[in-house]
Amino acid sequence: MRRTILMLSATALTLAACSTPTTNGTPTPTNGGANTNPSNSASQAPEAPKVSSPIELAQIKQTPCKALTDAQAKQILGPTIETVERLDSSAGPACMWSVPSTAQPSVNVIFSNLPDSGTAKFYAAKGTTYELLEPLAPIDGYPVTAYDTKDERASEGRCSVALGTSDTQTISISLEQSEANIGQKDPCDAAREAAIRVLATVRGGN
């Protein structure tokens, strides 16, 4: 299961990048309401928070597994971890940390290479691409949005969060809990905690 989560996250990001602009900048209704103002773009969605201090991600995209230090990954997953780097992921450079020989837990970090409008693209796809779309508390002023094509927090212990590093860039952090922790803690909160560590690393805070 953990080997497929990276592909699922990349697919969700691809779908979001291709989402049709929404009516008056608001997410398309789940009843399939028509878009009557095609001139609006996802970046104009009023729900999408703005980033006042953008972070450049060009360097970290070359070495995505540096998004978490070994110590940080062990804080999230435990003392024994393995790392898989994917520079050719369809959604952008990515790295997965997991516990060897187990189905769960795992953490994936994906740096989008797709045409991007920051976290706005997630809000634009609310109710269509994404069944789960909820704002979380920002991290030091950087917006965090929980999202997934299906809401599998309770059933699978799975959640992805989009960390907005500028109005045109996001980092996606997907977390899958261990089977023992499913139902014990909201996986979106756990994914946000992972995002705290990723943000500290990409800002050079370690």
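What you see is a predicted model; the values in this text were computed from it and never measured.
Put simply, CG on L132 and CG on D151 are 4.5 Å apart, with the number rounded to the nearest 0.5 Å. Between the CD1 atom in I110 and the CD1 atom in I173 there is a gap of 9.5 Å [rounded to 0.5 Å]. To the nearest 0.5 Å, atoms CG (N108) and CE (M96) are separated by 6.0 Å. To the nearest 0.5 Å, atom OG of residue S155 and atom CD1 of residue I182 are 8.0 Å apart. The CG atom of D189 sits 7.0 Å away from the CG atom of L136 when rounded to the nearest 0.5 Å. In this structure, CG on D186 lies 7.5 Å from CD on Q177, to the nearest 0.5 angstrom.
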Verdict with reasoning, I171 to V109, per side chain to side chain contact (heavy atoms under 4.5 Å, CB included): CA-CA 7 Å; I171 303 173; V109 177; 3.6 Å; yes
C95 vs T83, side chain to side chain contact (heavy atoms under 4.5 Å, CB included): CA-CA, chis, key distance, verdict: CA-CA 7 Å; C95 189; T83 306; 3.2 Å; yes
C159 and L175: CA distance, side-chain angles, deciding distance, side chain to side chain contact (heavy atoms under 4.5 Å, CB included) verdict: CA-CA 6 Å; C159 184; L175 182 139; 5.9 Å; no
Audit row: I76, E193, side chain to side chain contact (heavy atoms under 4.5 Å, CB included) steps and yes/no: CA-CA 8 Å; I76 299 168; E193 290 176 6; over 6 Å; no
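In this structure, Q72 contributes its side chain and T69 its backbone to a donor-acceptor pair below 3.5 Å. The main-chain N or O of A125 is never found under 3.5 Å from a side-chain atom of T129 such that the two would form a donor-acceptor pair.
Here the closest non-hydrogen pair linking V51 and P143 is CG2-CD, 3.6 Å. Heavy atoms only, all atoms of each residue included: S178 and P105 are closest at N-CB, 3.5 Å. Closest heavy-atom contact between A195 and V161: CB-CG2, 4.2 Å.
With sequence neighbours left out, E131 forms a salt bridge (Lys or Arg N to Asp or Glu O under 4.0 Å) with no residue at all.
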List, one per line, each side-chain donor-acceptor pair under 3.5 Å for residues 53-67, sequence neighbours excluded.
unit_1, atom_1, unit_2, atom_2, d
E56, OE2, A58, N, 2.9
K61, NZ, S112, O, 2.9

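The aromatic rings of Y130 and Y147 stand perpendicular to each other, their planes meeting at an angle above 60°, with 30° marking the opposite boundary.
V84 places none of its side-chain heavy atoms less than 4.5 Å from the side chain of W97. Using a 4.5 Å cut-off on side-chain heavy atoms (C-beta onward), Y123 and P135 make contact.
Of the charged side-chain nitrogens involved, at least one lies within less than 4.0 Å of a carboxylate oxygen, so that R153 and E134 count as a salt-bridged pair.
A donor-acceptor contact closer than 3.5 angstrom is absent between the side chains of K74 and T80. In the model, R197 has a side-chain atom that pairs as donor or acceptor with a side-chain atom of Q75 under 3.5 Å. Side-chain contact annotation: S98 with S106, donor-acceptor N/O pair under 3.5 Å absent. Residues T165 and Y142 have side chains that never bring a donor and an acceptor to within less than 3.5 angstrom of each other.
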